[in-house]
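Following: one structure in structure tokens, then a few remarks.
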Amino acid sequence: MSEPKKQSFLHGTMLLTIAAIVVKVIGAIYKIPLNDIIGEQGFGYYNTAYEIYNVLLTISVTGLPVAISRMISEANALGHHNQVRQIYRTGRSVALTLGIIGSLLMTIFCRELAQFQEQPDAWFAIGCLGPALLLICILSTFRGFFQGQGNMGPTSISQMLEAVCKLIVGMTAAVILLNTTGQYAYAAGGAILGVTTSCVVSAIYLFIRYQKAKKALPTSDEPVISYGRTLRSLLAIAIPITIGSAGLSILTVLETKVYMSQLMGLGYSQDQADVMKGIYDMSKTIFNLPIAFVAPVTISIVPAITAHVAVKNYAGARTTEESALRVLSLIITPCSVGLIVLAKPVMALLGHYSAANLPLAGNLMALLASSILFYAMIMVTNSIMQAHGHANLPVINMVLGGLVKLGATYVLTGNPELGILGAPIGALLGHMAIMVLNLITLRRCTEDSPALLRQLVKPIAASLLMGAMVLAARLGLERLLGPDCSNLILTALPILVGVAVYAFTAIKLKAITREDCLLLPKGEKIADLLHL
């Protein structure tokens with residue numbers, strides 16, 4: 001891969017990361033007050049709709065944009081621009097078919113799906129989310145087209161547009177429906193309407209960008225592979241990815257059914273179980289804040305690695321893979337440690353939990369935060385295997401790990417000493433299992449296997465030292481200011497201490513290399529500033 005193309009990997013990652021930060025900040029502005037407006041029960045209905053949606057969404061689009069991106073990247077690397085157009089047209093027809101089927105299923109059978117999830121009042125939210133599925137399928141083909149050419153700008157901007165529209169429309173509709181009906185179930189559906197509206201706006205924007213990009217594609221007289229052959233190639237990549245992701249999403253839906261049934265089997269009422277699920281869902285929302293940094297890396301590395309592999313530059317692919325994990329771990333690892341030691345004040349601040357539910361919320365958050373690094377490793381190793389043409393290999397690992405997660409959740413949530421706490425413990429065990437399987441598989445299937453674990457040593461060391469200092473700062477504040485200390489102070493001041501300690505330690509340990517910095521805009525100045 002040429003140097004400009006090599007630079008585009010982290011440039012694209014930076015664009016997507018900036019978008020992810022904006023999206024997550026807006027999402028926090030949206031979801032945190034939304035939890036106050038519609039309550040734990042309404043928030044539980046909101047997330048139940050998303051769990052159903054994610055299963056159908058995974059079946060419809062999870063594998064397709066990766067397949068489109070990878071095939072377009074390979075065609076571009078070989079100069080086959082007419083085939084780029086054919087790949088996009090083929091992918092679009094598949095996405096539309098799946099989107100129409102999925103939307104109809106979700107909308108028509110919303111009551112049955114809510115009943116299956118042991119939350120019958122979630123039916124309205126599920127029905128309101130149905131049309132968004134078709135729109136997301138359309139969005140996925142546009143994004144796959146741009147990502148395959150190393151252009152992450154349209155994806156980034158469209159994601160930010162979605163977040164803004166969701167905030168404005170969703171919050172307004174939730175308040176109006178709650179005031180009009182007095183029902184949390186309808187208010188949750190109003191919040192969902194913001195998602196559907198945001199998808200419409202994003203689709204219009206990407207359509208305009210696509211029309212301009214299509215005209216700019218070079219034309220040539222090279223033969224185009226037939227629609228049928230292109231379709232078979234797309235499905236050969238997309239189906240294994242889809243099966244693995246869909247299997248995991250289905251297991252997540254089953255996990256909700258399992259722990260809800262187990263909680264009621266322990267003697268909790270439907271309302272009590274709904275409240276606990278709402279608290280767990282809120283902790284998962286905060287868990288997803290650092291996880292947002294994973295997607296920019298995994299989206300960017302698939303076309304970058306594929307372009308290397310297409311010209312048999314396996315050393316270049318390895319360099320990209322190791323750099324990706326090194327940069328990602330610098331962000332993800334301190335987030336995980338920080339959330340573990342600050343779980344209680346973070347949940348009190350962001351979830352507005354009081355003494356009654358705060359201990360449970362803090363424990364759920366700390367347990368979930370323990371999974372963050374394992375989850376990031378899973379996503380990165382999945383993307384590496386997909387880029388190398390082994391899309392089927394992560395499938396078995398994901399399903400096996402999902403079964404571990406489901407089995408552990410069943411056993412642990414049935415224990416009255418643990419209850420709902422068994423769910424994040426089960427997730428941790430499942431993620432650990434998948435990560436181990438992925439590392440073993442990756443070593444066996446790649447031509448020049450990357451040394452991924454070695455990239456984690458320095459970020460983990462810096463994060464552990466940071467965690468010790470953050471914990472000391474938190475305990476010191478609690479002792480100094482007493483039990484009435486503001487949760488904002490208990491969260492913000494230790495975070496400031498942690499940022500300073502982590503930055504100093506990471507630089508001293510040289511956790512980021514000069515080569516990594518050179519892939520960034522103004523990278524040479526950054527490297528000189530850090531004395532790398």
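We count residues from 1, following the sequence as given. The shown structure was predicted, so the numbers you read here are calculated from the model rather than taken from an experiment.
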Original post:
How many angstroms lie between atom CE of M432 and atom CG of L373, to the nearest 0.5 angstrom?
Top reply: 11.0 Å
**OP:** Working to the nearest 0.5 Å, report the span between CD1 of I425 and OG of S370.
**Re:** 9.5 Å
Original post:
Which value, rounded to the nearest 0.5 Å, describes the distance between S156 atom OG and F146 atom CZ?
Top reply: 11.5 Å
Original post:
Any idea which heavy atoms bring L368 and K284 closest together, and the distance?
Top reply: CD1-CG, 3.5 Å
Original post:
For A203 and F142, which heavy atoms make the closest approach, and how far apart are they?
Top reply: O-CE1, 4.1 Å
Original post:
More than 12 non-hydrogen atoms from neighbouring residues, nucleotides or ligands closer than 6.0 Å to CZ on R229, yes or no?
Top reply: no
**OP:** May I ask you to test the S158-V201 pair for a side-chain heavy-atom distance under 4.5 Å?
**Re:** no
Original post:
What class does the angle between the rings of H388 and Y314 fall in, given that below 30° is parallel, 30 to 60° is tilted and above 60° is perpendicular?
Top reply: parallel
**OP:** Without swapping roles, check the side chain of T141 against the backbone of I138 for a donor-acceptor pair under 3.5 Å.
**Re:** yes
Subject >> CG on L393 to SG on C445, rounded to 0.5 Å >> reply: 5.5 Å
Original post:
What heavy-atom pair brings I87 and A75 nearest, and what distance separates the two atoms?
Top reply: CD1-CB, 4.3 Å
Original post:
side chain to side chain contact (heavy atoms under 4.5 Å, CB included) with A473: which residues, sequence neighbours excluded?
Top reply: P494, V497
**OP:** Kindly say whether L330 contributes a backbone atom to a donor-acceptor pair with the side chain of T333 at under 3.5 angstrom?
**Re:** no
Subject >> side-chain hydrogen bond (donor to acceptor under 3.5 Å, both in side chains) involving T230 - partner list, sequence neighbours excluded >> reply: Q83
Subject >> Backbone of I384 reached by a side-chain donor or acceptor of E321 within 3.5 Å >> reply: no
Original post:
Short question: side chain of S283, backbone of L364 - any donor-acceptor pair under 3.5 Å?
Top reply: no
**OP:** Would you list the pairs meeting side-chain hydrogen bond (donor to acceptor under 3.5 Å, both in side chains) in which at least one residue belongs to residues 432-445, sequence neighbours left out?
**Re:** T381-N438, N382-N438, N397-N438, N397-T441
Subject >> N/O donor-acceptor pair under 3.5 Å between K166 side chain and V195 backbone >> reply: no
Subject >> Test log, rule side chain to side chain contact (heavy atoms under 4.5 Å, CB included), inputs N82 and Q86 >> reply: CA-CA 7 Å; N82 285 346; Q86 176 76 311; over 6 Å; no
Subject >> Side-chain donor/acceptor of R474 to backbone N/O of L342, under 3.5 Å >> reply: no
Original post:
When rounded to the nearest 0.5 angstrom, what distance separates CG in L452 from CZ in R318?
Top reply: 9.0 Å
Original post:
Quick one: does S202's side chain have a donor or acceptor within less than 3.5 Å of a partner on S198's backbone?
Top reply: no
Subject >> Shortest non-hydrogen contact from M282 toward L350 >> reply: CE-O, 3.6 Å
**OP:** Any chance you could lay out the side chain to side chain contact (heavy atoms under 4.5 Å, CB included) test for L234 and M71, step after step, and finish with the verdict?
**Re:** CA-CA 8 Å; L234 271 173; M71 288 181 65; 3.6 Å; yes
Original post:
Between L493 and L496, does a side chain to side chain contact (heavy atoms under 4.5 Å, CB included) hold up when you go through it step by step?
Top reply: CA-CA 5 Å; L493 291 182; L496 291 176; 4.3 Å; yes
Original post:
How close do G402 and I434 get, heavy atom to heavy atom, and via which atoms?
Top reply: N-CD1, 4.3 Å
Subject >> Residues in side-chain hydrogen bond (donor to acceptor under 3.5 Å, both in side chains) contact with Q386, at least two apart in sequence or another chain >> reply: none
Original post:
Looking at Y210, does the NZ or CZ of K212 lie under 6.0 angstrom from its six-membered ring centre and within 45 degrees of the ring axis?
Top reply: no
Original post:
ring-ring contact (aromatic ring centres under 6.0 Å, His included): which pairs involve residues 423-464, sequence neighbours left out?
Top reply: Y375-H431
Original post:
Counting only N and O atoms by type, is there a donor-acceptor contact under 3.5 Å from the side chain of N313 to the main-chain atoms of G316?
Top reply: yes
Original post:
What pair of heavy atoms forms the shortest contact from A366 to I340, and how long is it?
Top reply: O-CG1, 3.8 Å
Original post:
Is the backbone of R326 close enough, under 3.5 Å, to the side chain of S329 for a donor and an acceptor to pair up by distance?
Top reply: yes
Subject >> Distance in Å, Q159 CD paired with L139 CG, rounded so as to fall on 0.5 Å steps >> reply: 10.0 Å
**OP:** Could you walk me through whether F145 and V84 pass side chain to side chain contact (heavy atoms under 4.5 Å, CB included), step by step?
**Re:** CA-CA 8 Å; F145 172 81; V84 169; 3.9 Å; yes
**OP:** May I ask you to decide whether E162 forms a salt bridge with R143, counting only side-chain N to carboxylate O separations under 4.0 Å?
**Re:** yes
Original post:
Are the side chains of M377 and L456 in touch, meaning some heavy atoms are under 4.5 Å apart?
Top reply: yes
Original post:
For R209, what residues pass the side-chain hydrogen bond (donor to acceptor under 3.5 Å, both in side chains) criterion, not counting sequence neighbours?
Top reply: Y205
